[in-house]
Amino acid sequence: MEERALVQEEWRWVEGLLPDDLERSAIDRLAIRRRREITCASDLLRLVLAYAVCDFSLRQTAAWASVIGLGQLSDVAVLKRLRGAADWVGSLVVQCLQERGVRTGARVQRVRVVDATVVSKPGSSGTDWRLHLGLDLADQSIRSFELTGVEGGETFQRLTIERGELVLGDRCYSHGAAVASVIERGGHVLVRFASHTFPLLTRAGATVDTDALLATLGDGEIGDWPLAFRSRKVLHRVRLIAVRKSTAAAEQERKRVRHEAIKKGRPLSARSLAGTKFIAIVTDLEATLLPAVDALELYRLRWQVEIAFKRLKSLLDLDRLRARDPALARCYLYAKLLAAVLIDDLCQRLPAFSPWGYPLVPSPRQPLAIAATLD
């Protein structure tokens, strides 16, 4: 009984991190239709998290619900409730992210690193689901997400852009229309340059040979060229920033590119091999706001989103999708993301936790005055 009381107390901590309108949102999203056994939104969410985060089977989830006192459910009854909760759990993730607010006061309000990872269903080695993630670079917390099928490509166009934020992406996001969509909505971009998908022009609108520009760089030399690109007949001003890699780094990249080409069964062009000698990025920010060296250093931090994916896959087993049913799979993945967001929030609140079970109230007495009373 004491253990059950402790679990209930800990669950109240989690409830405090959730949106206030939990019950109403569950009804609106049709997650709760008949109040039999599972009678409220809080209990339904506990059921969802037990299945997804604890990686219980449907039968284990039903047994856990009985032991914890949520209700007497069969594995089929659990399946039906989880299927019906998928849209609701996804909306909770969005609400939690929205409640984190938007920073203001800086010319570049936020740096958001975006990327996507693949999740396969049981028995599949291909792409069945694609998780698009946005990571706040300042506090390493999840700021945006989208779950799509195999058809959901990586592009800035699927993002909601906050005015003044800087969005950072790899080569997959290097498309003129995608970059223009960020700029036109008041955001800024810093993206790895891919010459075959993102042709650049002079600021007068003339064609420019970017390969020839990169070839002029010597060892360790940084190039910073004011250029432009055209999207829907509008000319947008950008900068191409690049640095030549060391011989060892270039050779390592060539090996990676060759391996990738062999793996995917596609020919490797001379242009792709030439591109392995450089790190080239494109940004719309002027040098007064983001100098070339700072831009290159900032791009190096893109690997933080890779670390975030590794955390989701190693700690929360995001890539161990056990459900073949589409609705159940969505519920499972959304619940994993909700758990990640709640863990982020709990980490931010760690100072509020204490071994004596309650937060300390600051005392008006100064440490020296307290020490004097102990003499």
Side-chain angles (χ1 to χ4, degrees), residues 11 14-15 17-58 61-62 65 70-71 73-100 116-122 127-134 142-153 157-160 312 316-345:
W11 176 247
V14 177
E15 283 185 307
L17 303 175
L18 296 168
D20 294 333
D21 61 342
L22 194 66
E23 195 72 28
R24 171 53 56 189
S25 65
I27 295 172
D28 291 345
R29 294 277 178 170
L30 302 180
I32 294 181
R33 303 188 188 190
R34 301 168 63 189
R35 297 181 183 272
R36 295 174 56 185
E37 299 300 330
I38 302 298
T39 60
C40 64
S42 178
D43 287 352
L44 177 59
L45 186 58
R46 292 183 73 179
L47 192 76
V48 169
L49 293 176
Y51 169 73
V53 180
C54 299
D55 274 312
F56 289 161
S57 67
L58 293 173
T61 306
L70 292 186
L73 298 167
S74 67
D75 52 351
V76 175
V78 171
L79 172 60
K80 289 180 179 179
R81 283 166 173 79
L82 296 180
R83 276 174 166 175
D87 289 340
W88 174 57
V89 178
S91 71
L92 289 181
V93 184
V94 174
Q95 281 184 270
C96 288
L97 295 179
Q98 289 175 340
E99 289 180 0
R100 291 182 171 188
T117 191
V118 167
V119 180
S120 302
K121 63 185 180 183
T127 301
D128 298 301
W129 299 91
R130 186 173 280 122
L131 173 62
H132 307 264
L133 199 68
I142 297 171
R143 291 293 172 177
S144 61
F145 87 100
E146 185 177 359
L147 185 65
T148 68
V150 64
E151 77 287 346
Q157 289 167 301
R158 64 174 64 257
L159 300 176
T160 299
L312 287 171
L316 291 176
D317 294 325
L318 180 72
D319 55 340
R320 296 183 186 176
L321 179 59
R322 296 175 291 118
R324 289 183 173 86
D325 179 83
L328 186 59
R330 285 171 53 239
C331 182
Y332 179 86
L333 294 172
Y334 283 146
K336 294 282 192 184
L337 288 171
L338 180 60
V341 172
L342 294 179
I343 290 170
D344 280 348
D345 286 342

Next item on the list: Please identify each residue that fulfils side-chain contact (heavy atoms from CB on, under 4.5 Å) with Arg24, with sequence neighbours left out.
Entry: Asp21, Ile27, Asp28

Note to self: Show, in sequence, the C-alpha distance, side-chain angles and deciding distance for Thr39 and Leu70, and conclude whether the side chain to side chain contact (heavy atoms under 4.5 Å, CB included) test is met.
What the structure shows: CA-CA 9 Å; Thr39 60; Leu70 292 186; over 6 Å; no

Item checked: CG on Leu147 to NE2 on His132, rounded to 0.5 Å -> 8.0 Å

Next item on the list: Answer whether the closest heavy-atom distance between the side chains of Tyr51 and Leu47 falls below 4.5 Å.
Entry: no

Item checked: Closest contact, heavy atoms only, Ser25 versus Gln95 -> CB-OE1, 4.2 Å

Note to self: I need the minimum non-hydrogen distance between Ala323 and Pro122, along with the two atoms involved.
What the structure shows: O-CD, 3.7 Å

Margin query: I need the minimum non-hydrogen distance between Ala335 and Leu49, along with the two atoms involved.
Written below: O-CD2, 3.9 Å

Next item on the list: Identify the two heavy atoms, one from Leu312 and one from Ala340, that lie closest to each other, and give their separation to 0.1 Å.
Entry: CD2-CB, 3.4 Å

Notebook entry, point to check: Any side-chain heavy atom of Leu333 sitting closer than 4.5 Å to one from Leu131?
Noted result: no

Notebook entry, point to check: If every non-hydrogen atom of Ala86 is compared with every non-hydrogen atom of Ala327, which pair is closest and at what distance?
Noted result: CB-O, 3.5 Å

Notebook entry, point to check: Rounded to the nearest 0.5 Å, how far does CG of Leu337 lie from CG of Leu318?
Noted result: 6.5 Å

Check: Just how far is it from atom OG of Ser42 to atom CG of Leu22, taken to the nearest 0.5 Å?
Finding: 6.5 Å

Next item on the list: Report yes if the side chains of Leu321 and Trp129 come closer than 4.5 Å at any heavy-atom pair, otherwise no.
Entry: yes

Checklist line | Residue list, salt bridge (Lys or Arg N to Asp or Glu O under 4.0 Å) with Glu15, at least two apart or on another chain | finding: none

Next item on the list: List the atom of Leu328, the atom of Arg83, and the distance in Å for their closest heavy-atom pair.
Entry: N-CG, 4.3 Å

Next item on the list: Enter the distance from Arg46:CZ to Thr61:OG1 here, rounded to the nearest 0.5 Å.
Entry: 13.0 Å

Next item on the list: Rounded to the nearest 0.5 Å, what's the gap from OG1 on Thr160 to CD on Glu146? Could you check?
Entry: 9.0 Å

Notebook entry, point to check: By side chain to side chain donor-acceptor pair (under 3.5 Å), which residues pair with Asp43, not counting sequence neighbours?
Noted result: none

Check: Counting N and O atoms only, with roles assigned by atom type, does the side chain of Arg130 sit under 3.5 Å from a partner on the main chain of Val118, one being a donor and the other an acceptor?
Finding: no

Next item on the list: With the side chain counted from C-beta on, respond yes when Ile32 and Ile38 share a heavy-atom pair under 4.5 Å apart, and no when they do not.
Entry: no

Check: Should Leu30 and Trp88 be marked as a side chain to side chain contact (heavy atoms under 4.5 Å, CB included) after you check the CA-CA gap, both sets of side-chain angles, and the distance that decides it?
Finding: CA-CA 8 Å; Leu30 302 180; Trp88 174 57; over 6 Å; no

Notebook entry, point to check: So do Tyr334 and Val48 actually touch side chain to side chain, heavy atoms under 4.5 Å?
Noted result: no

Next item on the list: For Asp55, enumerate each residue passing the side-chain contact (heavy atoms from CB on, under 4.5 Å) test, keeping only those at least two apart in sequence or located in another chain.
Entry: Asp317, Arg322, Tyr332, Lys336

Check: Under the side-chain contact (heavy atoms from CB on, under 4.5 Å) test, which residues partner Ala77, sequence neighbours left out?
Finding: Leu73, Ser74, Arg81

Notebook entry, point to check: Residues two or more places apart in sequence or in another chain: which of them pass side-chain contact (heavy atoms from CB on, under 4.5 Å) with Val14?
Noted result: Trp11, Leu342

Note to self: Determine whether a donor-acceptor pair (N or O, by modelled atom type, separation under 3.5 Å) exists between the side chain of Arg33 and the backbone of Gly84.
What the structure shows: no

Margin query: Let me confirm one number: the CG-CD1 distance from Leu133 to Ile142, rounded to the nearest 0.5 Å.
Written below: 5.0 Å

